[in-house]
Number of protein chains: 2
Amino acid sequence: MAYTYEYPRPALTVDCVIFGLDESHQLKVLLIQRKNDPFAGRWALPGGFVDMDESLEAAALRELEEETGVRDVFIEQLFTFGAPERDPRGRVVSVAYYALVNLSEHPVEAASDARRVEWFPVQELPPLAFDHDKILQMATNRLRAKVRYQPIGFELLPEQFTLSQLQQLYETVLGVDELNKRNFRTRILKMGVLREVGKQENVAHRPAKLYSFDKEAYEQLFRERYDDLLRRGVDFEI
Amino acid sequence: MAYTYEYPRPALTVDCVIFGLDESHQLKVLLIQRKNDPFAGRWALPGGFVDMDESLEAAALRELEEETGVRDVFIEQLFTFGAPERDPRGRVVSVAYYALVNLSEHPVEAASDARRVEWFPVQELPPLAFDHDKILQMATNRLRAKVRYQPIGFELLPEQFTLSQLQQLYETVLGVDELNKRNFRTRILKMGVLREVGKQENVAHRPAKLYSFDKEAYEQLFRERYDDLLRRGVDFEI
DNA sequence: TCAAAAGTGTTATCATTACACCCATGG
DNA sequence: CCATGGGTGTAATGATAACACTTTTGA
């Protein structure tokens, strides 16, 4: 069957940049190996064509699961890439999505067609197909910007976590050596979005307090913040 | 002539949300009146179909000029809207762009096909076609967020401007009553991105100092900021 | 008693807020 | 000399950064 239109149309695809944090606090990204030309054998972001009756987000989630087995992810739209020459096969416009997940909770599946799927450290990436390096670069920047004003990342930790774990997470996502322990703690506790829920047991050192993220407190805070911001006016801070 | 594809393809359009500031410090948005169904007679964002050999941004600028006569605008991508039912004619995915311009420097043209083009105050909008109210809402939010961390808006003022004018601008864009004069000034001057260039003449009150935006100083500042941010780590501020 | 990691005290400095007040000009 | 905006002083309070120190646990 074929589909005919009066005017030519670009093809429309979606691509997913899925960041994962592994046990050793490395930031990784999920890639698949292409089987077909163009770029056969190269690694690429999971993605594919949008069906006519699904939303863009649904398309991204569907392709992600089909190609990697990864599901139940909160993705957000990143940017739409539409340079005329970005795909050698012809005009293809791609809407990119991104997410940050707990790597250990999202095992990759050997996809049905035996395509390879792997997590790569963002520091040691293979050459990528199409303009996927550009997409990934933008996703990394966005993730780092976002981590500063939204409590992204709490989903990556166990339900209960220590402040050291949380600090580790921030250091990893921001790609920074070592944040000042004292100041990190003061800051994050002052926000009042963490609830103390117990302490570690059976560790060979002083047991750390365990916290969980208090979502309601956060949402409350967020609402208050908004009014503040308007009163302050200008900021010029990221 | 017709174009045939093996699989169906959504149509791809671009839409432009152009904000303008008028002389009386009102925030307005540029709309056109549709001639044809669906939504004939309704007001809508300027926009249209993407050609096969132009980038998305180029398509947005082309449609903007064709439909409104407005040109030489710095647009930025906002979001891509792709809900399956957003256009009654069928599947249409639209990449939205936005910009903020000095309204008086961008006169609208009676478009060749005599379609009406007008600036509407964002507070008093007519019903809009498609999901354009949603697009506009998102654009407004983005503009307000952006104005806090980027010196957007300086382009809207004359080359030389007073601090009161600048404050007015911020109040308008943020939709806020009155920022504290003292604090606004302290803050913005402390940044060091304004250069004093003279003073007003022939005004019936103490003449104000005139400033211009020091682009180099800003870019310098921006680079320094970035390192700082990494060291501070977590922020949770917008 | 030691290693390892958790957790705290403190201080100098800077930023923010809120108010009230003074200044220069043309009419 | 007054109306009209432009422009400044200041003090209380809170946030930030930097560094060194104490505590608690299992081995």
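Naming: A, B, ... by sequence-line order, numbering from 1 per chain.
- The phosphate of C/dA5 (OP1 or OP2) has no side-chain N or O of A/Ser164 nearer than 4.0 angstrom.
- Side-chain N/O atoms of A/Ser164 and A/Arg185 include a donor and acceptor closer than 3.5 Å.
- Ring pair B/Tyr218/B/Phe213 is tilted by interplanar angle, where 30° to 60° counts as tilted.
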Under 3.5 Å between N/O atoms: give me all the protein pairs with nucleotides 11-14 of chain D, atom names plus distance.
none

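- Taking atom CZ of residue B/Arg185 and atom C1' of nucleotide C/dT17, one finds them 17 Å apart after rounding to whole Å.
- Annotation: side chain of A/Lys28 is not in contact with side chain of A/Glu124 (no heavy-atom distance under 4.5 Å).
- For A/Lys181 and C/dG7, a side-chain-to-base donor-acceptor distance below 3.5 Å is present, hydrogens and geometry of angles not being considered.
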Residue pair B/Met138, B/Phe81: steps toward the side chain to side chain contact (heavy atoms under 4.5 Å, CB included) verdict = CA-CA 11 Å; B/Met138 189 183 267; B/Phe81 295 81; 3.9 Å; yes
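- Between B/Phe184 atom CZ and C/dT16 atom P the separation is 14 Å, expressed in whole Å.
- Spacing between atom CG of B/Leu189 and atom P of C/dT16 amounts to 14 Å, rounded to whole angstrom units.
- A salt bridge does not link A/Glu201 to A/Lys199: none of the charged nitrogens lies less than 4.0 Å from a carboxylate oxygen.
- Among the heavy atoms of the strands, none lies under 4.0 Å from A/Thr186.
- Between A/Tyr98 and A/Phe19, the ring centre distance reaches or exceeds 6.0 Å.
- Side chain of B/Gln200 to main chain of B/Ala208: a donor-acceptor pair is present (N/O by atom type, distance under 3.5 Å, no hydrogens or angles).
- Atoms NE2 (B/His25) and P (D/dG5) sit 12 Å apart, rounded to a whole Å.
- In this model, a side-chain donor or acceptor of B/Arg182 finds a partner on the base of D/dG9 within 3.5 Å.
- With contacts defined as side-chain heavy-atom distances shorter than 4.5 Å, the pair A/Tyr97/A/Leu78 does not qualify.
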Distances under 3.5 Å only, N/O to N/O: pair up the protein atoms with those of nucleotides 22-27 of chain D.
| residue | atom | partner | partner atom | Å |
| --- | --- | --- | --- | --- |
| D/dT23 | O2 | A/Arg206 | NH1 | 3.0 |
| D/dT24 | O2 | A/Arg206 | N | 2.8 |
| D/dT25 | O2 | A/His205 | N | 3.4 |
| D/dG26 | O4' | A/Val203 | O | 3.4 |

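- Annotation: side chain of A/Gln33 is not in contact with side chain of A/Arg42 (no heavy-atom distance under 4.5 Å).
- Atom CD1 of A/Ile188 and atom C1' of D/dT16 are 15 Å apart (whole Å).
- Counting to the nearest Å, the P atom of D/dA17 and the CD atom of A/Glu178 are 16 Å from each other.
- As a whole-Å value, the separation of B/Arg187 CZ from D/dT8 P is 18 Å.
- With rounding to whole Å, A/Gln167 atom CD is found 14 Å from C/dA5 atom P.
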